[in-house]
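Just so it is clear, the model here is predicted, and its values are computed rather than measured. Naming convention: chains lettered A, B, ... in sequence-line order (proteins, then strands); numbering from 1 in each chain.
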Number of protein chains: 2
Amino acid sequence: MRPSIKQVANLAGVSIATVSRLLNKPGSVSAETAEKIHRSIEQLGFRPNFTGRNLRAGSSRTVGVVVPTLSNTVFAQCLQGIELAARELDYSVMFTTTEYLPEDESAAVELLLGHRVDGVILTVADAGANATLDLLEREKIPFVLTYNQLALSSDVRTDRLPRASVSVDNRAAACDAVTHLVKLGHRRIQMLSGRFNASDRAIQRYYGYLDAMQAAGLEPLPAIEVERHTLTAAADYQQMMANPAHRPTALFCSNDLLAMSAMRDLRALGLRVPRDISVMGFDGIPVGGLMEPVLASVVQPSEQIGDVALRTLVGAIERGAAAAAAGGAPVAAARHVLPHTVREGGSAAPPSQP
Amino acid sequence: MRPSIKQVANLAGVSIATVSRLLNKPGSVSAETAEKIHRSIEQLGFRPNFTGRNLRAGSSRTVGVVVPTLSNTVFAQCLQGIELAARELDYSVMFTTTEYLPEDESAAVELLLGHRVDGVILTVADAGANATLDLLEREKIPFVLTYNQLALSSDVRTDRLPRASVSVDNRAAACDAVTHLVKLGHRRIQMLSGRFNASDRAIQRYYGYLDAMQAAGLEPLPAIEVERHTLTAAADYQQMMANPAHRPTALFCSNDLLAMSAMRDLRALGLRVPRDISVMGFDGIPVGGLMEPVLASVVQPSEQIGDVALRTLVGAIERGAAAAAAGGAPVAAARHVLPHTVREGGSAAPPSQP
DNA sequence: ATGAAAGCGCTAACAA
DNA sequence: TTGTTAGCGCTTTCAT
């Protein structure tokens, strides 16, 4: 077993309380005892055991993070932002993945709660009706949603506090993207989307697509939902692409990975981007900017989303602790909507036959 | 405060020991008490507090992970592999980043040790001489290196146990990549590399480049080291590219992100890949396969690296615990070398002027 | 300025 | 099968 505060105290010839005090508020101990203790710490290679501290203090200075996957750069960047901010604020990060399985969300959170994390940052499939969030709320564990954007309509139950979230305005962002395509002269625009039941963002983005199409007086098409980046399996998609008469002049994809996969598939079909068809993505992942043509997309600031989420969460944790101490009431949560930008790129150009 | 084992015991009318027993080995408690206790647990919404358990047991079922960054897909995939395997084995993951700063490595590990993680998986700048690894060894905390590949020469000190690592054979893989370029007919091949002092892999890969060049009887060139993907800053690179007489016919890059950045820069200079110059990367990140031309690269199985690393680590942790119980000696660590494959791609083609 | 002692939630002897 | 009890490492009154 590693040296404990006790061994340090023994070696220094003081009580464990004094050692503890030195560790916490160094001002409250005399210079010479401090000196002695420091020497003992050095000599023993003592390192405070957070487990003991946490048990006693009832807080762990650790936050839990739950994201669907790390295979999508977007979430990796977000986690990166979280970690950087956490380190700055002296918090640690415990991390889990759900593989887009809603049923794994609660298990993930349960595990984190077992570790007594002080708060949780998560991206869930559907933030509207979500048992995991209800659990968190019931247990009064502060949490912040990332990417999930609470539809206002889901807050009709006014008995409930608004939930904290950090995201872009997915609907408006998608609308901007499609509007960009419209401005380029496209009239037949097809949306390709990840499964709606795995991502409420995808639904919001489809609404944005509808908004833009309607605003332009164009006929919206039903979205084609595809499994994670395997377009070859989508029969309706294949069919649509095979027939030049039905083929859209532009594709709007609910995320960049999908857009890039689509471009690959289009090439396999002998179609060229943007000459034969334009493609626009969503997310603005960095590699999109390295391609030729550059992938047109809506850029969301993923790392910043992580950063803001963490700071918001820590704010809530520390306010919560203060409130608990003061016997106060919980505080209203903030809905952060970060700005998005449209990245124009060579993959979206005017249609060849207007 | 959340309900503890004590409240459960009270409500069920049994002692806390019985509750604990039910939680740990359910067989050792009678069916009816089990029933009563389960009801109480349900009713109170009790969830065992790992902090208490860990403090008592001296182990946390948590592993620490330290990677340079999550901006590079390679590490994100690796972390993904770690998390998946950890979840399967019922371990949790605490995660940190070093931003490629060697001086942050020890701070990161210190923090993890404070949390009493049972073991650590890390990718360090230089595994050959690394104070952090020495610390881990001194503290007898099991650890596994990922991507870092221990040069055999660094193990001359036979008094020390070999360290555990999971990686591809970077040198051989780079050699294969360059050999591929040679076979295509290239004779003037330039290596572009990340900073050697931030990555011992980069050095190994340069050795691989030298091996291939020498084997082919070609004159190797000094590597051009560049800061993370900002080739525009590399004066020697700019100069070399400006002059067609000095320009290499192929570029071998120490990682895919660098290769993709290079391709973008080449386009900006008016050069076309692969017509004017071939480019080959290292890592085999998935997006490389979606580009046009497909990025030729050496594929390393990042997610599998994470998976193997975690399983190796857990093996060491549990063997270590068993050995400690039996008073045995530490076990020799394994050096896992996973297979790599060369991905041929349109970015590497025969030179136009042989 | 320092020490003594209680207790955070849990497990593991040891008793019964 | 069940209960009693000590104690993991630490913080925090309450004394001194």
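For the pair A:Asn54 CG and C:dG9 P, the computed distance is 13 Å after rounding to whole Å. What separates CG of A:Leu22 from P of C:dG3 is a distance of 12 Å, to the nearest Å. With rounding to whole Å, B:Leu23 atom CG is found 10 Å from C:dC10 atom C1'. Protein atom CD1 of A:Ile5 is 18 Å distant from nucleotide atom P of C:dC8, rounded to whole Å.
With sequence neighbours left out, the side-chain contact (heavy atoms from CB on, under 4.5 Å) criterion links A:Thr69 to A:Ser71, A:Asn72, A:Phe75, A:Glu99, A:Tyr100, A:Arg228, B:Gln80. With sequence neighbours excluded, the residues that form a side-chain hydrogen bond (donor to acceptor under 3.5 Å, both in side chains) with B:Ser15 are B:Thr18. For the side-chain hydrogen bond (donor to acceptor under 3.5 Å, both in side chains) test, no residue two or more places apart in sequence or in another chain qualifies with A:Thr62. Partners of A:Arg87 by salt bridge (Lys or Arg N to Asp or Glu O under 4.0 Å), not counting sequence neighbours, listed by chain and number: A:Glu83, B:Asp104. By the side-chain hydrogen bond (donor to acceptor under 3.5 Å, both in side chains) test, A:Ser302 is found to be paired with A:Tyr147, residues two or more places apart in sequence or in another chain being considered. By the side-chain hydrogen bond (donor to acceptor under 3.5 Å, both in side chains) test, A:Asp200 pairs with A:Asn148, sequence neighbours left out. When the salt bridge (Lys or Arg N to Asp or Glu O under 4.0 Å) test is applied to A:Arg21, no partner is found at least two apart in sequence or on another chain.
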Under 3.5 Å, sequence neighbours excluded: what are the donor-acceptor pairs made by side chains of residues 107-125 of chain B?
from: B:Glu110; atom 1: OE1; to: A:Arg47; atom 2: NH1; distance (Å): 2.1
from: B:His115; atom 1: NE2; to: A:Ser92; atom 2: OG; distance (Å): 2.8
from: B:Arg116; atom 1: NH1; to: B:Leu113; atom 2: O; distance (Å): 3.0
from: B:Arg116; atom 1: NH2; to: A:Arg47; atom 2: O; distance (Å): 3.3
from: B:Asp118; atom 1: OD1; to: B:Ser60; atom 2: N; distance (Å): 3.0
from: B:Asp118; atom 1: OD1; to: B:Ser60; atom 2: OG; distance (Å): 3.3
from: B:Asp118; atom 1: OD2; to: B:Ser60; atom 2: N; distance (Å): 3.3
from: B:Asp118; atom 1: OD2; to: B:Arg61; atom 2: N; distance (Å): 2.7
from: B:Thr123; atom 1: OG1; to: B:Thr146; atom 2: O; distance (Å): 3.0
from: B:Thr123; atom 1: OG1; to: B:Thr146; atom 2: OG1; distance (Å): 2.7

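Using a 4.0 Å cut-off, some side-chain N or O of A:Thr33 falls inside it from OP1 or OP2 of C:dT2. OP1 or OP2 of C:dA4 has not a single side-chain nitrogen or oxygen of A:Ser15 nearer than 4.0 Å. The phosphate of C:dG9 (OP1 or OP2) has no side-chain N or O of B:Arg53 nearer than 4.0 angstrom.
With a heavy-atom cut-off of 4.0 Å to chain B, the contacted part of DNA chain D has its first and last nucleotide at D:dT1 to D:dG9.
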If you apply the rule salt bridge (Lys or Arg N to Asp or Glu O under 4.0 Å), what do you find for B:Asp307 with B:Arg311, and how did you get there? CA-CA 6 Å; B:Asp307 179 276; B:Arg311 291 176 197 278; 3.0 Å; yes
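Using a cutoff of 4.0 Å between basic side-chain nitrogens and carboxylate oxygens, B:Glu32 and B:Lys36 are not scored as salt-bridged.
DNA chain D is contacted by A:Phe46, A:Pro48 of residues 38-48 of chain A, taking any non-hydrogen atom closer than 4.0 Å.
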List every contact pair, protein side and nucleotides 12-14 of chain C side both N or O, where the distance is under 3.5 Å.
from: C:dA12; atom 1: O4'; to: B:Arg56; atom 2: NH2; distance (Å): 3.4

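Between A:Arg116 and A:Val29, it is A:Val29 whose nearest contact on DNA chain C lies nearer the 5' terminus.
Axis orientation changes by 40° from one end of the helix from C:dA1-D:dT16 to C:dA16-D:dT1 to the other, with each end axis drawn from 5 pairs and the value rounded to 10°.
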